[in-house]
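Worksheet: the structure to be examined is printed underneath.
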There are 2 protein chains.
Amino acid sequence: MSETDEQPTRRKRPSGRRTGDSGTRQAILGAARDLFAQHGYTGASMRAIAGRAGVDAGLIRHFFGDKSGLIAATLAEGTTAPDRLVAALRGDPGTAGMRLTETYFALWEAPDTGPTLAAVLRSAFTSPKAMDLLRASVGTRIQEQVIGVHGDPERAAGAALAVSHLLGVAIARYVIEAEPLATMDRADVVARVAPAVQRYLAGESGH
Amino acid sequence: MSETDEQPTRRKRPSGRRTGDSGTRQAILGAARDLFAQHGYTGASMRAIAGRAGVDAGLIRHFFGDKSGLIAATLAEGTTAPDRLVAALRGDPGTAGMRLTETYFALWEAPDTGPTLAAVLRSAFTSPKAMDLLRASVGTRIQEQVIGVHGDPERAAGAALAVSHLLGVAIARYVIEAEPLATMDRADVVARVAPAVQRYLAGESGH
DNA sequence: TGTGGAGTTCTACGTTTGTGGAAATACTTG
DNA sequence: CAAGTATTTCCACAAACGTAGAACTCCACA
């Protein structure tokens with residue numbers, strides 16, 4: 001009837017390998033990062049990610065196995081952030097809080113690291129891998145650097161509180177978008193938050 | 001063979017109204033609160049909620065219409081929390097930070113208010129209603145009380161930062177369960193956090 | 001006493017989801 | 001040039017989800 005057995009003029013996209021090195025793997029990771037950041041782990045469907053990357057969903061399976069493999073690879077891409085935070089702590093202890101705070105918010109607003117941070121946060125509630133990463137970022141890395149050689153466990157709590165504070169402000173500003181935090185200048189936010197972070201890192205009682 | 005057309009001895013649960021006033025509506029709200037707190041809005045399915053409440057899923061539809069109606073009713077149950085936080089701010093401004101911090105963590109650990117706070121937080125990413133509630137809690141209510149009669153907009157930022165700080169620590173302690181925050185005594189956490197909150201509320205620059 | 005409404009269960013429909021397999025095409029290596 | 005491997009598409013499946021409707025039972029009120 002309406003079907004033309006011979007030579008259908010309207011072909012679907014042909015299967016098979018494309019010519020040249022199509023940066024498909026990277027396109028998928030970029031799309032996954034953006035959609036995980038917007039809708040979280042379960043909220044971002046494989047088909048939606050594939051669609052944004054302009055490929056078929058089967059490719060995700062081919063490259064990353066299953067969905068948990070995809071988010072693992074996605075989050076592994078943006079591993080530079082924790083290192084830069086730890087690096088910010090080295091140097092004069094009297095201004096470490098300022099440097100840490102500055103670096104933290106700069107990371108959130110940089111186009112290459114910000115979406116990954118948002119992806120971790122938004123996915124944490126529904127993906128064990130993202131939750132582990134978030135727990136580690138609040139936990140070990142920074143605490144080790146603050147505790148340092150002396151190994152004062154008293155300061156671990158201070159380090160955790162400093163990071164928790166930064167996390168809370170980031171959530172309010174970038175995720176919840178609560179006013180006036182969301183529209184304040186970054187420098188203004190940093191200037192107000194840094195003293196509190198500094199006090200936590202220094203271990204002052206603060207009465 | 002195994003089917004008995006006449007007089008099936010094994011009856012399924014009979015439909016129809018139960019005798020006595022079964023607090024079913026409240027059972028559903030309790031189950032919804034717990035499951036929203038554990039798995040978030042989309043993560044908690046209607047069937048799971050109905051199952052936990054010991055009723056059929058159709059009942060949820062009967063009482064609350066659809067899923068968004070259910071979470072609206074669930075979150076409307078625990079509306080006492082914001083009021084108590086605002087109330088904690090009244091009184092001596094010099095110790096308002098301490099009272100606010102104390103009240104905040106007490107609410108998180110009280111069996112009647114804690115799960116609702118967790119439900120709001122975990123559902124915020126996938127339910128617009130929960131997100132609105134969260135935004136309002138970081139925003140308006142507390143800011144109004146802090147700004148007070150004078151209407152100093154400068155202090156709105158301080159109030160938002162104070163709440164953001166509390167939110168961040170609560171997330172780290174109760175949701176992420178990062179050490180050592182998760183296992184610290186509540187009094188210890190409060191004692192460490194309160195000074196920072198106090199400074200934000202007082203509007204000190206803090207250099 | 002009988003009639004309507006509220007509470008309650010069951011079954012089912014359409015959609016979306018993650019996953020799996022089969023086939024097609026291009027590149028690579030012998 | 002032949003064989004194998006990597007990339008890519010399509011189709012299909014089973015499960016879970018929100019929602020819908022029909023039927024059944026009990027209570028309140030006329």
Side-chain angles (χ1 to χ4, degrees), chain A residues 3 7-8 10-29 31-32 35-36 38-74 123 126-130, chain B residues 3 8 10-32 35-36 38-74 123 126-130:
Chain A
E3 69 173 300
Q7 286 220 348
R10 296 198 163 201
R11 294 284 296 150
K12 4 179 131 173
R13 223 48 170 305
S15 48
R17 192 175 188 173
R18 298 286 171 277
T19 171
D21 56 316
S22 55
T24 304
R25 204 190 134 96
Q26 212 59 29
I28 293 176
L29 286 176
L35 289 188
F36 283 146
Q38 280 184 50
H39 305 111
Y41 179 68
T42 55
S45 76
M46 306 276 271
R47 284 171 172 84
I49 293 171
R52 185 183 181 100
V55 299
D56 186 87
L59 262 190
I60 300 182
R61 172 168 154 70
H62 178 254
F63 281 123
F64 307 101
D66 59 0
K67 199 179 184 182
S68 77
L70 174 61
I71 196 175
T74 302
S123 302
T126 40
S127 159
K129 290 187 203 283
Chain B
E3 67 172 303
R10 296 195 162 201
R11 296 283 296 149
K12 7 179 126 172
R13 233 24 186 315
S15 46
R17 191 175 191 172
R18 299 284 172 278
T19 171
D21 56 316
S22 54
T24 303
R25 203 190 133 97
Q26 212 59 29
I28 293 175
L29 286 177
L35 289 187
F36 284 146
Q38 281 183 49
H39 306 110
Y41 180 67
T42 55
S45 77
M46 307 276 272
R47 285 170 171 87
I49 293 171
R52 184 183 182 102
V55 300
D56 186 88
L59 263 189
I60 300 182
R61 175 171 153 75
H62 180 254
F63 281 123
F64 308 101
D66 58 3
K67 200 179 184 183
S68 77
L70 173 60
I71 197 175
T74 302
S123 301
T126 40
S127 158
K129 289 185 203 285

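Letters A, B, ... mirror the listed sequences (proteins, then strands); counts begin at 1.
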Between [X] ([atom1]) and [N] ([atom2]), how many Å, whole number?
| X | N | atom1 | atom2 | result |
| --- | --- | --- | --- | --- |
| I49(B) | dT19(D) | CD1 | P | 11 Å |
| F63(A) | dT9(D) | CZ | P | 10 Å |
| D66(B) | dA20(D) | CG | P | 8 Å |
| R25(A) | dA6(D) | CZ | P | 14 Å |
| L70(B) | dC17(D) | CG | P | 15 Å |
| I71(A) | dG18(C) | CD1 | C1' | 15 Å |
| R61(B) | dG7(C) | CZ | C1' | 15 Å |

In terms of the nearest nucleotide of DNA chain D, which residue is placed more toward the 5' end: H62(A) or T42(B)?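 In this pair, the answer is H62(A).
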
If you pin D56(A) and R47(A) to their nearest nucleotides in DNA chain D, which one's is more 5'?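 The answer here is D56(A).
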
Shortest side-chain distance from L59(B), nucleotide among dT8(D), dT8(C), dT19(C):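 Selected nucleotide (nearest to the side chain): dT8(C).
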
It should be established whether S45(B) places a side-chain nitrogen or oxygen under 4.0 Å from OP1 or OP2 of nucleotide dC17(D).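 Answer yes for this pair, as a side-chain N or O of S45(B) is under 4.0 Å from OP1 or OP2.
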
5' precedence on DNA chain C between M46(A) and G58(A) (nearest-nucleotide basis):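 Here M46(A) is the residue nearer the 5' end.
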
Can you confirm whether L70(B) sits close enough to F36(B) that some side-chain heavy atom of one is under 4.5 Å from a side-chain heavy atom of the other?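 The answer is yes; the side chains approach within 4.5 Å.
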
pair I49(A)-M46(A): side-chain heavy atoms closer than 4.5 Å: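 Sidechains of M46(A) and I49(A): no contact.
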
Heavy atoms only: give me the nearest A53(B)-A27(B) pair and the separation to one decimal.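 Nearest pair, atom of A53(B) first, then A27(B): CB-O, 3.7 Å.
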
So, does Y41(B) use its side chain to make a donor-acceptor pair with the main chain of P128(B) at under 3.5 Å?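 No; zero donor-acceptor contacts below 3.5 Å.
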
